[in-house]
Engineer: 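Quick one: the structure is below, and I'll ask about it shortly.
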Amino acid sequence: MAEIVTRFPPSPTGHLHLGGARTALFNWLYAKHHKGKFVLRLEDTDRERSKEEYVVSILEALKWLGLDWDEGPYFQSQRFELYQQYAQRLFEEGKAYYCECPKEVLEEKKKKMLENGQKPRYDQTCRNKNLGPGEGRALRIKAPEFGEIVFEDLLRGKIVFPAEEVDDFVILRSDGTPTYQFAVVIDDITMGITHVIRGDDHISNTPKQLVIYKALGVEPPKFAHIPMVLGPDGAKLSKRHGAKSILEYKEAGFLPNALINYLARLGWGFGDQEYFSVKELIEKFDIKDVNLSPARFDPDKLLAVNAYWIKNSDNRFLLDHLKPFLSNKYNLDQFSEEYLLEAIETVKTRGKTLVELAEMMDFYLTEEVFYDVNGANKFFTPQIVPVLEKVCEDLKTLTLENKVLEDYFRNLAETYGFKLKDIAQAIRIALTGKTVSPGLFEIIRVLGREKTIYRIKKALAYIFENSF
RNA sequence: GCCCCCAUCGUCUAGUGGACUAGGAUACUGGCCUCUCACGCCAGAGACACGGGUUCGAAUCCCGUUGGGGGCGCCA
């Protein structure tokens with residue numbers, strides 16, 4: 001079997017968003033699964049709207065997601081000559097013709113047809129004028145006037161369009177640049193694309209492209225039209241929700257593999273399995289298992305998947321991804337990697353994003369903690385003072401192990417007639433400033449003797465200042 | 001308006017004619033665990049859009065209706 005080649009052709013007129021990323025993912029997975037090639041191509045034939053900054057951000061987003069490409073990135077804007085050659089050929093073979101209809105006239109006619117309840121289509125005014133190339137003339141393809149245009153979609157089976165649905169559409173604009181329909185086909189042919197996996201908003205473009213393949217006498221690739229991603233409200237993705245740039249999810253503290261996992265499960269399933277590593281996805285993904293109905297983007301579920309991967313990832317992996325969120329606020333060089341890894345271990349079940357983890361780690365990385373006022377008022381009581389003093393003393397020699405610490409604090413509570421909770425909360429605030437934190441014993445263990453005693457003494461000083 | 005696609009809990013999905021009292025995940029509710037918050041565990045509520053067929057039998061096949069989505073550019 002010949003090598004499978006897929007492609008992802010974003011248009012640099014905006015950032016890479018969830019929908020695009022999922023299309024890229026499915027193409028990438030399909031290629032990887034079949035040990036084929038994945039080609040990246042930037043469709044920038046619209047020179048007005050295409051922006052360099054979007055090229056940069058799209059590439060960055062793909063890299064961050066780990067969707068590496070085997071070929072490219074190609075830029076359509078650098079391939080104009082190629083398109084012109086093919087167009088020239090079609091013209092010479094009589095399969096395309098030049099059209100001199102002014103835009104205004106075309107629009108007027110279109111409006112009329114729409115008013116009459118007809119589908120707007122070009123009325124072939126110039127089809128038989130035998131015009132040559134010239135100023136202001138666009139090149140149109142001769143589309144079949146009767147019959148059906150049929151193709152076999154990998155997911156949906158046979159899809160049939162009446163030939164009347166396709167008019168003599170423009171393949172070369174009057175300025176000589178190719179239109180999308182034309183450039184896509186020429187690129188897919190010359191890049192050896194075997195499988196086109198794209199959003200189902202392209203279904204109605206397919207018959208047009210098939211007309212070009214036919215005119216060129218080239219066997220078209222296989223098509224698989226995947227359902228689109230909708231917003232949580234069932235409407236088209238908009239800036240409000242999922243149309244945000246993928247890089248914004250990076251900023252928001254999502255793990256790339258979590259986003260991949262979530263995106264893969266949007267429209268695709270493998271029995272009851274919910275969580276997949278990228279490696280597993282490559283093994284198990286088959287385009288044929290993709291659903292046909294559009295899927296809504298659910299931020300809650302994304303969060304849950306992210307939480308799962310945070311919880312189940314190696315601490316070193318987490319540290320790597322956490323660093324950008326920490327280094328802007330703390331000087332990480334002063335801590336050993338060992339210390340950071342242990343700190344991460346204590347917070348990883350407690351946050352859904354890396355941003356949350358970074359916030360939770362604050363007390364590990366900062367010199368002084370600031371007390372939550374309500375918590376301090378409630379738990380920093382004069383009665384607790386002797387307990388804290390005793391703890392400072394005993395901590396000098398206690399073995400810092402969870403079991404030892406737990407036994408110690410339970411005994412302590414009993415001796416002083418406190419509930420463990422009251423002691424724990426007071427020390428928790430002393431060490432973290434907050435009433436909510438990882439388990440007390442693990443905090444003490446990670447923080448170490450010196451810092452723990454220092455912070456409890458600070459707390460004692462605070463109590464004296466505020467209560468006597 | 002015309003053409004095309006789609007239809008299982010709120011959401012993502014399993015399900016391909018009998019194993020369905022329709023399974024899992026998420027979100028929600030209650031409980032357990034417990035030094036706080038999480039995690040984890042247990043339980044609860046929650047869906048085959050509707051109407052016709054086909055069949056001994058339909059979530060599964062066919063038709064229609066309704067609903068949703070997409071397209072109809074010298075945008076991609």
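Order of the sequence lines fixes the chain letters, A, B, ..., with proteins taken first and strands second; residue numbering starts at 1 for each chain. Since we're looking at a predicted model, the values are computed, not measured.
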Engineer: Listed by chain and number, what are the ring pair (Phe, Tyr, Trp, His ring centres under 6.0 Å) partners of A:Phe151, not counting sequence neighbours?
Structural biologist: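 A:Phe151: ring pair (Phe, Tyr, Trp, His ring centres under 6.0 Å) contacts with A:Phe223, A:His225.
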Engineer: If you measure from the C1' atom in B:A45 to the same atom in B:C28, how many Å do you get, rounded?
Structural biologist: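 To the nearest whole Å, 9 Å.
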Engineer: For atom P, what is the distance between B:G67 and B:C62, given to the nearest Å?
Structural biologist: 22 Å
Engineer: Could you pick out which residue, A:Pro438 or A:Tyr275, lies toward the 5' side of RNA chain B when each is mapped onto its nearest nucleotide?
Structural biologist: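 Between the two, 5'-proximity favours A:Tyr275.
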Engineer: Mind checking A:Gly439 for me? I need base, sugar-phosphate or nothing, with any heavy atom below 4.0 Å counting as a touch.
Structural biologist: base
Engineer: In whole Å, what is the span from the NZ atom of A:Lys434 to the C1' atom of B:A38?
Structural biologist: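 So the two atoms are 14 Å apart, to the nearest Å.
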Engineer: Which whole-number value in Å describes the distance from A:Phe151 CZ to B:C4 P?
Structural biologist: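 Atom CZ in A:Phe151 sits about 12 Å away from atom P in B:C4.
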Engineer: Show the numbers, then the answer: is there a side-chain contact (heavy atoms from CB on, under 4.5 Å) between A:Phe169 and A:Tyr122?
Structural biologist: CA-CA 7 Å; A:Phe169 59 96; A:Tyr122 178 60; over 6 Å; no
Engineer: Rounded to the Å, how far apart are A:Asn291 CG and B:G24 P?
Structural biologist: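 Result: 19 Å.
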Engineer: Which is true for A:Phe270 with a 4.0 Å heavy-atom rule: it touches a base, it touches only sugar-phosphate, or it touches nothing?
Structural biologist: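 No contact.
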Engineer: Could you walk me through whether A:Phe254 and A:Tyr262 satisfy the ring pair (Phe, Tyr, Trp, His ring centres under 6.0 Å) test, starting with their C-alpha distance in whole Å, then the side-chain angles of each, then the deciding distance to 0.1 Å, before giving a yes or no?
Structural biologist: CA-CA 11 Å; A:Phe254 287 91; A:Tyr262 175 75; 9.1 Å; no
Engineer: Judged by each residue's nearest nucleotide on RNA chain B, which is more toward the 5′ side, A:Phe161 or A:Asp272?
Structural biologist: A:Phe161
Engineer: At under 4.0 Å between heavy atoms, what does A:Val347 touch on the DNA or RNA strands: base, sugar-phosphate, or nothing?
Structural biologist: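 The answer is nothing, as A:Val347 stays clear of every strand by at least 4.0 Å.
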Engineer: Identify every side-chain donor-acceptor pair in residues 416-430 of chain A under 3.5 Å, counting partners at least two apart or on other chains, and give the distances.
Structural biologist:
unit_1   : atom_1 : unit_2   : atom_2 : d
A:Gln425 : OE1    : A:Arg428 : NE     : 2.6
A:Gln425 : OE1    : A:Arg428 : NH2    : 3.4
A:Gln425 : NE2    : A:Thr435 : O      : 3.4
A:Arg428 : NH1    : A:Ser437 : OG     : 2.9
A:Arg428 : NH1    : A:Pro438 : O      : 3.1

Engineer: Checking all strands, does A:Pro227 fall into the base, sugar-phosphate, or nothing category for heavy-atom contacts under 4.0 angstrom?
Structural biologist: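 Since no nucleic acid heavy atom lies under 4.0 Å of A:Pro227, the category is nothing.
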Engineer: Tell me the interatomic distance from A:Leu292, atom CG, to B:C6, atom C1', rounded to whole angstroms.
Structural biologist: 7 Å
Engineer: Could you encode protein contacts along nucleotides 61-76 of chain B as a string, one character per nucleotide from 5' to 3', using B for base contact, S for sugar-phosphate-only contact and - for no contact, with a heavy-atom cut-off of under 4.0 Å?
Structural biologist: --------SSBBSBBB
Engineer: Using purine N1 to pyrimidine N3 plus N6-O4 or O6-N4 for Watson-Crick, or N1-O2 and O6-N3 for G-U wobble, each under 3.5 Å, what pairs with B:U21?
Structural biologist: none
Engineer: Distance between the C1' atoms of B:U11 and B:C3, in whole angstroms?
Structural biologist: 30 Å
Engineer: I'd like to know if A:Lys129 and A:Glu100 make a salt bridge, using a cut-off of under 4.0 Å between side-chain N and carboxylate O.
Structural biologist: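 Yes, charged N to carboxylate O under 4.0 Å.
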Engineer: Can you tell me the base-pairing partner of B:C72? Count Watson-Crick or G-U wobble geometry only, both distances below 3.5 Å, and say none if there is no partner.
Structural biologist: B:G1
Engineer: Rounding to an integer number of Å, can you tell me how far A:Asn261 CG sits from B:U26 P?
Structural biologist: 12 Å
Engineer: Determine which nucleotide pairs with B:U60, using a 3.5 Å limit on both distances of a Watson-Crick or G-U wobble pair.
Structural biologist: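 Result: none.
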Engineer: With a 3.5 Å cut-off and heavy atoms only, can you find an N or O donor on one side and an acceptor on the other between the side chain of A:Arg350 and the base of B:C39?
Structural biologist: no
Engineer: Determine whether any donor atom in the side chain of A:Lys301 lies under 3.5 Å from an acceptor atom in the base of B:A27, or the reverse, and answer yes or no.
Structural biologist: no
Engineer: Does the protein touch nucleotides 40-47 of chain B at the base, only the backbone, or not at all? Give it as B, S and - per nucleotide, heavy atoms under 4.0 Å.
Structural biologist: S-------
Engineer: When you compare B:A76 with B:C63, how far apart are their P atoms, in angstrom units rounded to a whole number?
Structural biologist: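 Comparing P positions in B:A76 and B:C63 gives a spacing of 37 Å.
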Engineer: Answer yes or no: side-chain N or O of A:Arg428 and base N or O of B:C35 forming a donor-acceptor pair under 3.5 Å.
Structural biologist: yes
Engineer: Ring of A:Tyr74, cation from A:Arg79 - is the NZ or CZ under 6.0 Å from the centre and inside 45° of the axis?
Structural biologist: yes
Engineer: Round to a whole Å and report the spacing from CD of A:Glu115 to P of B:C2.
Structural biologist: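 Computing the A:Glu115:CD to B:C2:P distance gives 16 Å.
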Engineer: Does B:C37 pair with anything, Watson-Crick or G-U wobble, both distances under 3.5 Å, and if so, with which nucleotide?
Structural biologist: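 Pairing partner: none.
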Engineer: Should B:U66 form a Watson-Crick or G-U wobble pair with both distances under 3.5 Å, which nucleotide is its partner?
Structural biologist: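 Because both required distances fall under 3.5 Å, B:U66 counts as paired with B:A7.
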Engineer: Measuring only the C1' atom in each nucleotide, how far is B:A25 from B:A47? A whole number of Å is fine.
Structural biologist: 15 Å
Engineer: How would you label the contact of A:Leu266 with the nucleic acid (heavy atoms, under 4.0 Å): base, sugar-phosphate, or nothing?
Structural biologist: sugar-phosphate
Engineer: For a side-chain contact (heavy atoms from CB on, under 4.5 Å) check, start with the C-alpha distance between A:Val391 and A:Leu412, then their side-chain angles and the critical distance, and finish with the verdict.
Structural biologist: CA-CA 9 Å; A:Val391 171; A:Leu412 190 73; 3.5 Å; yes
Engineer: Could you check how far CD of A:Glu442 sits from C1' of B:C37, rounded to whole Å?
Structural biologist: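 Roughly 12 Å, once rounded to whole Å.
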Engineer: Between A:Gln181 and A:Asn205, is any side-chain donor less than 3.5 angstrom from a side-chain acceptor?
Structural biologist: yes
Engineer: Using the C1' atoms only, state how far B:U13 lies from B:U55, rounded to an integer number of Å.
Structural biologist: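 Looking at atom C1' only, B:U55 and B:U13 are 29 Å apart.
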Engineer: Relative to A:Tyr249, does A:Lys244 satisfy both conditions: NZ or CZ under 6.0 angstrom from the six-membered ring centre, and within 45 degrees of the ring's axis?
Structural biologist: yes
Engineer: For the side chain of A:Ala304, counting heavy atoms from C-beta on, which of B:U26, B:U13, B:C35 is nearest?
Structural biologist: B:U26
Engineer: Can you list, pair by pair, the side-chain donor-acceptor contacts under 3.5 Å of residues 299-309 of chain A, counting residues two or more places apart and other chains?
Structural biologist:
unit_1   : atom_1 : unit_2   : atom_2 : d
A:Asn306 : OD1    : A:Leu255 : N      : 2.9
A:Asn306 : ND2    : A:Gly253 : O      : 3.2
A:Asn306 : ND2    : A:Lys352 : O      : 2.7
A:Trp309 : NE1    : A:Asn261 : OD1    : 2.8

Engineer: P atom, B:A59 versus B:G51: distance in rounded Å?
Structural biologist: 13 Å
Engineer: Mind checking the P distance from B:A49 to B:G68? Whole angstroms is fine.
Structural biologist: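 Going atom to atom, P in each nucleotide, I get 16 Å.
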Engineer: Take atom CG of A:Leu420 and atom P of B:C35, then tell me their distance rounded to the nearest Å.
Structural biologist: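 To the nearest whole Å, that distance equals 6 Å.
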Engineer: Show, in sequence, the C-alpha distance, side-chain angles and deciding distance for A:Phe91 and A:Tyr97, and conclude whether the ring pair (Phe, Tyr, Trp, His ring centres under 6.0 Å) test is met.
Structural biologist: CA-CA 6 Å; A:Phe91 172 65; A:Tyr97 60 90; 9.4 Å; no
Engineer: With sequence neighbours excluded, tell me which residues meet ring pair (Phe, Tyr, Trp, His ring centres under 6.0 Å) with A:Phe26.
Structural biologist: A:Phe285
